[in-house]
Number of protein chains: 2
Amino acid sequence: MAMMPPRPLRTASEEIPSLVLRAALALMTEEGPEGLTVRALARRAGVAPMSIYNHFGGKDGVLDAIMVDGFALLATWADVTVDDARTTLVAGSMAYRDFALAHRSHYTVMFLHQFVGYVPAAETMYVAAKGFEILTGQVRRCTDVGVFPGRSYVDVAQQLWAAVHGYVALEILGINFASDRDRVFRDFVEAVITGLDAPLDDAT
Amino acid sequence: MAMMPPRPLRTASEEIPSLVLRAALALMTEEGPEGLTVRALARRAGVAPMSIYNHFGGKDGVLDAIMVDGFALLATWADVTVDDARTTLVAGSMAYRDFALAHRSHYTVMFLHQFVGYVPAAETMYVAAKGFEILTGQVRRCTDVGVFPGRSYVDVAQQLWAAVHGYVALEILGINFASDRDRVFRDFVEAVITGLDAPLDDAT
DNA sequence: GGCCATAGTAGAACGTCGTTCTATAATTGA
DNA sequence: TCAATTATAGAACGACGTTCTACTATGGCC
């Protein structure tokens, strides 16, 4: 059989970003955050290491791209809008966890792993802040109709996010002793929302 | 003035472990997890890099030591025992956060940062598991007196831990938009426990 | 169809990392 | 005092992110 060239000698410029991004996510999925090295990334994408610097400005640029991509994916959970504001919040939380578990590499870069020396670009921070605004909006819809009486919607958003993130973080880290992860999570979200909807206890 | 030798030419063996441990925590506090390198650690402790291998078996051994030390510190929050089982749980959660904020380096190693290539030693995992047993014990005391009706104490422990860890994690990562972090945390813990104490909603 | 600017590639190189190994010298106990 | 420990200094290895250089494949234009 004829020896076909292992690969076109040069990768087209417009294909490089998507190839690198796909390779980065595949590498992280298979080997974890530590598997994401520039050399391995280039090898996996079938691209020269230099191309990563030409197109992303280095490893940090790749991480920024994963962040932005992840927030774009996550933003779609805002579409979960039901009539009832509170039900929307439950559905949103469920979708948040679904996203985190389905896109662990994204979630790891976004909220779990601190890559050494990586500081997100300003644009990345902006996208992240917009993501939080979506959540606060969902909560605000609730407070507008009288849910979470006596509480600030920003505080409630922070509290709900903390709860969901905490559950997901421990789950991804492999620290989950619950009997049925899905059910326990749903019960958890319901309980947190119920508790936040209860009147504030002012006792010290 | 007389030139006193900058340091004894050799560090006594028995002093090395504590010197290294202290230096490790100081380095992490000042420069973050990425500042914790073997060479910097040895320099800071006034010790030869080789000593870290002789006494800890490498960087992983230092991380293990921090883990074990951290769980020992954390275990003291179990001493927070009040008559009322539910109040104990609230106090324990507050103490958990106090520990995390007061010993950020410990907490970072234990639950936040994934150090590349680091896998905790078996003994470290054992100590960690014992820590979780303390928490489950606290929750079990509640279920024994009728709090959290219809729920498994293991599940409730997982849920409460997720909530507290999530809040602390976002706080340490600098992602906290709440108005008053202390008060919002206390309200959060109260709300989570209240919600988990409410009857289970079996509707799908 | 041929030419040239663009841009991907290969590879060496620098300083850093964790780690191992060597030889030396300080300390300690018998 | 002598010998066994053991901390130290330093070179070395492979891998990391990053930069630079020389080379060459590609695509647009005349």
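On a predicted model such as this, the values are computed, not experimentally measured, just so you know.
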Could you tell me the separation between the [atom1] atom of [X] and the [atom2] atom of [N], rounded to a whole number of Å?
| X | N | atom1 | atom2 | result |
| --- | --- | --- | --- | --- |
| B:Arg43 | D:dT8 | CZ | P | 15 Å |
| A:Arg10 | C:dA10 | CZ | P | 11 Å |
| B:Glu31 | C:dC17 | CD | C1' | 15 Å |
| B:Ile16 | D:dT5 | CD1 | P | 17 Å |
| A:Glu15 | C:dA7 | CD | P | 16 Å |
| A:Glu14 | C:dG8 | CD | C1' | 12 Å |

Inset, instruction - Assess B:Arg97 against B:Phe185: is NZ or CZ under 6.0 Å from the centre of the six-membered ring, and within 45 degrees of the ring's axis? - result: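 Pair B:Arg97/B:Phe185 counts as cation-pi.
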
Legend entry - B:Phe115-B:His113 aromatic ring centre distance below 6.0 Å: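 So the answer is yes for these two rings.
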
Before accepting this row, confirm whether a basic side-chain N of the pair [X]/[Y] lies closer than 4.0 Å to the acidic partner's carboxylate O.
| X | Y | answer |
| --- | --- | --- |
| A:Glu15 | A:Arg10 | no |
| A:Glu133 | A:Arg140 | no |
| B:Glu171 | B:Arg104 | no |

Inset, instruction - Verify the contact: side-chain N or O of B:Ser51 to OP1 or OP2 of D:dT8, cut-off strictly under 4.0 Å; return yes or no. - result: yes

Legend entry - N/O (side chain, A:Ser13) to phosphate O (OP1/OP2, D:dT26) under 4.0 Å: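 Checking D:dT26 against A:Ser13, no side-chain N or O comes under 4.0 Å of OP1 or OP2.
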
What N/O pairs connect the protein and nucleotides 17-23 of chain D at under 3.5 Å? Give each pair on its own line.
{"unit_1": "D:dG17", "atom_1": "OP1", "unit_2": "A:Val38", "atom_2": "N", "d": "3.2"}
{"unit_1": "D:dG17", "atom_1": "OP1", "unit_2": "A:Lys59", "atom_2": "NZ", "d": "3.3"}
{"unit_1": "D:dG17", "atom_1": "OP2", "unit_2": "A:Val38", "atom_2": "N", "d": "2.9"}
{"unit_1": "D:dG17", "atom_1": "N7", "unit_2": "A:Arg39", "atom_2": "NH1", "d": "2.7"}
{"unit_1": "D:dG17", "atom_1": "N7", "unit_2": "A:Arg39", "atom_2": "NH2", "d": "3.4"}
{"unit_1": "D:dG17", "atom_1": "O6", "unit_2": "A:Arg39", "atom_2": "NH2", "d": "3.0"}
{"unit_1": "D:dT18", "atom_1": "OP2", "unit_2": "A:Tyr53", "atom_2": "OH", "d": "3.2"}
{"unit_1": "D:dT18", "atom_1": "OP2", "unit_2": "A:Lys59", "atom_2": "N", "d": "3.0"}
{"unit_1": "D:dT18", "atom_1": "O5'", "unit_2": "A:Tyr53", "atom_2": "OH", "d": "3.3"}
{"unit_1": "D:dT18", "atom_1": "O4", "unit_2": "A:Arg39", "atom_2": "NH2", "d": "3.3"}

Inset, instruction - Step by step, work out the salt bridge (charged side-chain N to carboxylate O under 4.0 Å, His left out) result for B:Asp155 and A:Arg183. - result: CA-CA 10 Å; B:Asp155 291 349; A:Arg183 185 185 50 76; 3.6 Å; yes

Inset, instruction - Go through residues 104-124 of chain B and report each residue with a non-hydrogen atom lying under 4.0 Å from DNA chain D, sorted by number. - result: none

Inset, instruction - Classify the ring geometry between A:Phe132 and A:Trp161 as parallel (under 30°), tilted (30 to 60°) or perpendicular (over 60°). - result: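 Rings of A:Phe132 and A:Trp161: tilted, 30 to 60°.
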
Inset, instruction - Kindly assign one of parallel, tilted or perpendicular to the pair A:Tyr107 and A:Tyr96, based on the angle between their ring planes and the thresholds 30° and 60°. - result: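 The rings of A:Tyr107 and A:Tyr96 stand perpendicular, inter-plane angle above 60°.
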
Legend entry - Closest to side chain of B:His55, choosing from D:dA7, D:dT8, C:dG8: D:dA7

Legend entry - Exam field: side chain B:Asp197 to backbone B:Val147, donor-acceptor pair closer than 3.5 Å: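 No.
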
